[in-house]
Colleague: 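Structure incoming, see below.
The shown structure was predicted, so the numbers you read here are calculated from the model rather than taken from an experiment. Quick note on labels: first sequence line is chain A, next is B, and so on, each numbered from 1.
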Amino acid sequence: MLRDHNEIIRNRYAKADAMRAEGLNPYVNAWQPTHASSDIRANAEALIADKTPVRVAGRIMTVRHMGKASFFHLQDGAGRIQIYIKRDVTRAADYEVFKKFADMGDIAGVCGEVFVTKTGELTVLAQTFEILTKSVRPLPEKWHGLTDVETRFRQRYVDLIVNPAVREKFVIRSRMISAIRTMLESRGYLEVETPMMHPICGGAAARPFVTHHNALDIDLYLRIAPELYLKRLTVGGMEKTFEINRNFRNEGLSARHNPEFTMLELYTAYWDYRSTMELTEDLVRHTTREVLGRTELTFGPRRIDVGPPFERLTYLEALARYYPAAAAVGFSWSDPLEVTRSKAASLGYKTETATTHGIISELFEHHVEPQLTGPVFITEFPKASSPLAKSKPDDPFVAERFELYMGGMEIANGYSELNDPREQYERFLEQMAARSSGDDEAHQMDEDYVRALECGMAPASGLGVGIDRLAMLLTDSHSIREVILFPLMKPE
RNA sequence: GGGCGCGUAGCUCAGAGGUAGAGCAGCGGACUUUUAAUCCGUUGGUCCUGGGUUCGACUCCCAGCGCGCUCACCA
């Protein structure tokens, strides 16, 4: 791989060797800039007026040779600044270095005065020029850049060099997480870190990755969710906690799924899901305003405004509104399986799914979810699919649970936490029964978690937010891979 | 896993059963305010891999690999 050198690469390695032969280091140890390109732009008038020399460093991106003078742009972390290098101004030895050794893609340092060219571009007139790092591999061309999706992800470093919009997306992602963290801290939440390696896999319904600890000779699961550990902290008296970190699910890849993805989970003692819904709304609105400076989002053809109060619909209301045929049939969580199946069949929908809630979920995901531009809270999920959630006092089939939908995607999920140890134990038993009848995503029994609940967990409510999906919304990205720096790829 | 599509120079892309093409990049030359700089000249290829058909395959066929879209899965 590293030896597949073509003529261009061989020539550039030869230039690096030639530099060494002249006593120049093609990979210098350090070089201190005084200004970023953005600093020069921000202070342009003063810098031009007092002729203060500036030191800037960056990657040579476009070169225009004109005999005994050249223009090029240096690209640094903040943007680009044009450099003018000319024989009768630049130190003679440095001018020679530029002529003999500099290539597009090299990282260079320049010191000089700031001026404006006659075409009006802010420019540094180089008094000195140094190559700080020799680049030997040619960059993609300047017009079309790099568009090949596979190369963009496999060689994200090249993508970041030549596609400024890509960098911008990851800046937005970082600011988004920072805004979330700041807001939660200001509201008294404590950021914690819980294990990524779990002896018992729980907190969600998903297939796990399995690994092995040699010294203990035990299998461990990469976590599919931090939920059960965070609620142990609630038992321990940590009343407001959150964790922003990776979850791992051993499932297929899609535009909305990467096997490792980032989740915000938070827990608040003494709250129920209604309060958590309000917090979720604040969180999304505040973060959007903080990062984008507005509340309106463009997501493909959709316009999403997180400014006004979020709409709220129960699960079955949403099904009825967005799939009117289902309303006519009238689904109910309390229907026996055969009844639900025949109702679905009357809609022309045949399924092998073995539960009432499973069939209704399929209809919801297929017919309703894509239409939920939102922001909209869907509430009152079936208890049978929410084994860690508290049920509604007045409806034994429904859990106090909500999900937030935006852009046709599930963004967040929250509920009132089940804290009755006996009921939790029984729900684990039901999950184990489902597991032994073939549902390999059902929860495992977690005896210690039940023991923790036996100590008494204050009433509490929790929230999970898909950070990658939120980043997709804030950056108008339609694949999760656009907001994950190094998405999973098959090895080359 | 199924279906559809793609894989040609460093990059972006044409092409076609009979010598492999362009632009940009690169290399050589002219040019001291250019910015897709311009002008002259020029190098560069495992046409994804392996089989097959054929006098001849980059092209057609089969298989594989990688990628994309999509369906399934992901409540």
Colleague: So, are A:Arg321 and A:Glu317 salt-bridged, with charged N and O less than 4.0 Å apart?
Modeller: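 Looking at A:Arg321 and A:Glu317, the cut-off is not met.
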Colleague: Closer than 4.0 angstrom, basic N to acidic O: yes or no for A:Arg154 and A:Glu150?
Modeller: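 Looking at A:Glu150 together with A:Arg154, the answer is yes, because their closest N to O distance falls below 4.0 Å.
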Colleague: Roughly how far, to the nearest 0.5 Å, is CG of A:Asp468 from NE2 of A:His257?
Modeller: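 Rounded to the nearest 0.5 Å, the NE2-CG separation comes to 11.0 Å.
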Colleague: Please pick, from B:C27, B:U34, B:U32, the nucleotide with the shortest atom-to-atom distance to any side-chain atom of A:Lys86.
Modeller: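 Of all the options, the side chain of A:Lys86 is nearest to B:U32.
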Colleague: How far does the C1' atom of B:C60 sit from the matching atom of B:G45, given to the nearest Å?
Modeller: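 Between the two C1' atoms, the distance is 22 Å.
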Colleague: Report yes if a donor N or O on one partner sits less than 3.5 Å from an acceptor N or O on the other, where the partners are the side chain of A:Glu121 and the base of B:U33; otherwise report no.
Modeller: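 It does not, because no donor-acceptor pair links the side chain of A:Glu121 to the base of B:U33 below 3.5 Å.
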Colleague: Roughly, in whole Å, what's the span from CH2 in A:Trp143 to P in B:G10?
Modeller: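 Roughly 19 Å, once rounded to whole Å.
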Colleague: Does the pair A:Arg173/A:Glu482 count as a salt bridge with the N-to-O cut at 4.0 Å?
Modeller: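 No, no charged N to carboxylate O under 4.0 Å.
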Colleague: Taking B:C6 as the reference, what is the distance to B:U49 when you measure between their C1' atoms (whole Å, please)?
Modeller: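 The answer is 16 Å between these two C1' atoms.
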Colleague: OP1 or OP2 of B:A37 versus the side-chain N and O atoms of A:Lys142: is any pair under 4.0 Å?
Modeller: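 So the side chain of A:Lys142 is within the cut-off, an N or O lying under 4.0 Å from OP1 or OP2 of B:A37.
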Colleague: Taking only N/O atoms, report every protein-nucleotides 11-15 of chain B pair under 3.5 Å with atom names and distance.
Modeller:
residue, atom, partner, partner atom, Å
B:C11, O2', A:Gly145, O, 2.7
B:U12, OP1, A:Thr147, N, 3.0
B:U12, OP1, A:Thr147, OG1, 3.4
B:U12, OP1, A:Asp148, N, 2.9
B:U12, O3', A:Thr147, OG1, 3.4

Colleague: Would you classify A:Lys490 as touching base, sugar-phosphate or nothing, given that sugar-phosphate means primed atoms plus P, OP1 and OP2, and contacts are heavy atoms under 4.0 Å?
Modeller: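 Result for A:Lys490 = sugar-phosphate.
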Colleague: Which nucleotide, if any, forms a Watson-Crick or G-U wobble pair with B:G26, using both distances under 3.5 Å?
Modeller: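 With both distances under 3.5 Å, B:G26 matches B:U42.
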Colleague: What's the OH-C1' distance between A:Tyr84 and B:C31, to the nearest Å?
Modeller: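 Result: 11 Å.
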Colleague: Indicate whether OP1 or OP2 belonging to B:U34 is found under 4.0 Å from a side-chain N or O atom of A:Arg64.
Modeller: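 Looking at the OP1 and OP2 atoms of B:U34, neither is under 4.0 Å from any side-chain N or O of A:Arg64.
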Colleague: Which whole-number value in Å describes the distance from A:Phe153 CZ to B:G66 P?
Modeller: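 To the nearest whole Å, that distance equals 17 Å.
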Colleague: Give the rounded distance in Å between these two atoms: NZ of A:Lys118 and C1' of B:U32.
Modeller: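 Rounded to whole Å, this separation is 10 Å.
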Colleague: Paired with B:C67: which nucleotide, if any, by Watson-Crick or G-U wobble criteria at under 3.5 Å for both distances?
Modeller: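 With both distances under 3.5 Å, B:C67 matches B:G5.
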Colleague: Rounded to whole Å, please give me the gap between CE in A:Met61 and P in B:G10.
Modeller: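 Whole-Å distance recorded here is 19 Å.
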Colleague: What integer number of Å spans the P atoms of B:G44 and B:G28?
Modeller: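 So the two P atoms sit 15 Å from each other.
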Colleague: Does a salt bridge link A:Asp159 with A:Arg167, judged by any charged N lying under 4.0 Å from a carboxylate O?
Modeller: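 No, no charged N to carboxylate O under 4.0 Å.
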Colleague: Between B:U8 and B:G15, how far is it from one C1' atom to the other, in whole Å?
Modeller: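 So the two C1' atoms sit 9 Å from each other.
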Colleague: Measure from the side-chain heavy atoms of A:Gln82 and tell me the nearest of B:G26, B:U34, B:C31.
Modeller: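 Nearest to the side chain of A:Gln82 among the choices is B:U34.
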Colleague: Establish, yes or no, whether a centroid distance under 6.0 Å links the rings of A:Phe98 and A:Phe72.
Modeller: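 Yes, ring centres under 6.0 Å apart.
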Colleague: Would you mind classifying the nucleic acid contact of A:Lys15 as base, sugar-phosphate or nothing, using non-hydrogen atoms under 4.0 angstrom?
Modeller: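 Sugar-phosphate contact only - A:Lys15 comes under 4.0 Å of backbone atoms but never of a base.
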Colleague: Verify the ring-centre separation between A:Phe248 and A:His198: is it less than 6.0 angstrom?
Modeller: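 Ring centres of A:Phe248 and A:His198 not closer than 6.0 Å.
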Colleague: Between A:Arg91 and A:Glu130 (salt bridge meaning N to carboxylate O under 4.0 Å), is one present in this structure?
Modeller: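 Result for this pair is no, no salt bridge flagged.
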Colleague: Going by purine N1 to pyrimidine N3 plus the second Watson-Crick contact, or the G-U wobble pair, all under 3.5 Å, which nucleotide sits opposite B:C74?
Modeller: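 Across any shown strand, B:C74 pairs with none.
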Colleague: Quick one: label A:Asn11 by what it contacts on the DNA or RNA (base, sugar-phosphate, nothing), any heavy atom closer than 4.0 Å.
Modeller: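 If one applies the 4.0 Å heavy-atom cut-off, A:Asn11 turns out to touch nothing in the nucleic acid.
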Colleague: So among A:Lys134, A:Arg12, A:Lys15, A:Arg59, which one has a side chain to side chain donor-acceptor pair (under 3.5 Å) with A:Asp106?
Modeller: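 Exactly one option meets the side chain to side chain donor-acceptor pair (under 3.5 Å) with A:Asp106, and it is A:Lys134.
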Colleague: Side chains of A:Asn258 and A:Arg481: any donor to acceptor distance under 3.5 Å?
Modeller: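 Side chains of A:Arg481 and A:Asn258: no pair found under 3.5 Å.
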Colleague: Hey, does A:Arg481 reach any base, or is it just sugar-phosphate, or nothing, if we go heavy atoms under 4.0 Å?
Modeller: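 Touches sugar-phosphate only.
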Colleague: Starting the side chain at C-beta, find the nucleotide from B:U34, B:C27, B:A25 nearest to A:Thr117.
Modeller: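 My answer, after comparing the listed nucleotides, is B:U34.
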Colleague: Please pick, from B:G23, B:U33, B:C67, the nucleotide with the shortest atom-to-atom distance to any side-chain atom of A:Met66.
Modeller: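 Among the listed nucleotides, the one closest to the side chain of A:Met66 is B:U33.
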Colleague: Decide whether A:Thr356 and A:Arg341 meet the rule of one side-chain donor and one side-chain acceptor closer than 3.5 Å.
Modeller: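 Note: A:Thr356 and A:Arg341 side chains miss the donor-acceptor criterion.
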Colleague: Establish, with yes or no, whether the OP1 or OP2 oxygen of B:C67 is under 4.0 angstrom from a side-chain nitrogen or oxygen of A:Arg154.
Modeller: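 Yes, because at least one side-chain N or O of A:Arg154 sits under 4.0 Å from OP1 or OP2 of B:C67.
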Colleague: Might you point out which heavy atoms bring A:Leu122 and A:Arg41 nearest each other, and give the distance in Å?
Modeller: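 So the two residues come closest at CD2-CA, 3.7 Å.
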Colleague: Could you pull out the protein-nucleic contacts involving nucleotides 71-75 of chain B (nitrogen or oxygen on both sides, under 3.5 Å)?
Modeller:
residue, atom, partner, partner atom, Å
B:C74, O2', A:Glu251, OE1, 2.4
B:C74, O2, A:His257, ND1, 3.4
B:C74, O2, A:His257, NE2, 2.3
B:A75, OP2, A:Ala205, O, 2.6
B:A75, O3', A:Glu365, OE1, 3.4
B:A75, O3', A:Glu365, OE2, 2.4
B:A75, O2', A:Glu365, OE2, 2.9
B:A75, N7, A:Ser385, O, 3.0
B:A75, N7, A:Ser385, OG, 3.4
B:A75, N6, A:Ser385, O, 2.4

Colleague: Nearest whole Å is fine: how far is B:G28 P from A:Lys99 NZ?
Modeller: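 To the nearest whole Å, that distance equals 10 Å.
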Colleague: Give none if B:A57 has no partner; otherwise give the nucleotide forming a Watson-Crick or G-U wobble pair with it, both distances under 3.5 Å.
Modeller: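 When the pairing criteria are applied, nothing turns out to pair with B:A57, so the answer is none.
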Colleague: Taking all non-hydrogen atoms of both residues, which atom of A:Ala344 and which atom of A:Ile359 are closest, and how far apart?
Modeller: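 Closest pair (atom of A:Ala344, atom of A:Ile359, distance): CB-CG2, 3.9 Å.
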Colleague: Considering every strand and a 4.0 Å limit on heavy-atom distances, what is the contact class for A:Phe261: base, sugar-phosphate, or nothing?
Modeller: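 Contact class for A:Phe261: none.
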Colleague: For A:His357 and A:Ser385, does a side-chain donor sit closer than 3.5 Å to a side-chain acceptor?
Modeller: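 No donor-acceptor contact under 3.5 Å links the two side chains.
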Colleague: Give me the distance, rounded to whole Å, that separates B:G7 from B:A14 when you measure between the P atoms they each carry.
Modeller: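 To the nearest whole Å, 8 Å.
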Colleague: Would you tabulate the nitrogen or oxygen pairs shorter than 3.5 Å linking the protein to nucleotides 44-46 of chain B?
Modeller:
none

Colleague: Using whole Å, report how far CD1 of A:Ile60 lies from P of B:G26.
Modeller: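 Atom CD1 in A:Ile60 sits about 11 Å away from atom P in B:G26.
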Colleague: B:C13 and B:U19: how far apart are their C1' atoms, nearest whole angstrom?
Modeller: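 Each nucleotide's C1' atom is 22 Å from the other's.
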Colleague: Report the distance from atom CZ of A:Phe72 to atom P of B:U32, rounded to the nearest whole Å.
Modeller: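 To the nearest whole Å, that distance equals 18 Å.
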Colleague: Do A:Arg156 and A:Phe486 meet the cation-pi criteria used here (NZ or CZ under 6.0 Å from the six-membered ring centre, within 45° of the axis)?
Modeller: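 No, A:Arg156 does not sit over the ring of A:Phe486.
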Colleague: Suppose you measure atom C1' in B:C58 against the same atom in B:A20; what distance do you get, rounded to whole Å?
Modeller: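 Going atom to atom, C1' in each nucleotide, I get 8 Å.
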Colleague: Could you give the distance separating B:C11 and B:G26 at their C1' atoms, to the nearest angstrom?
Modeller: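 Looking at atom C1' only, B:G26 and B:C11 are 12 Å apart.
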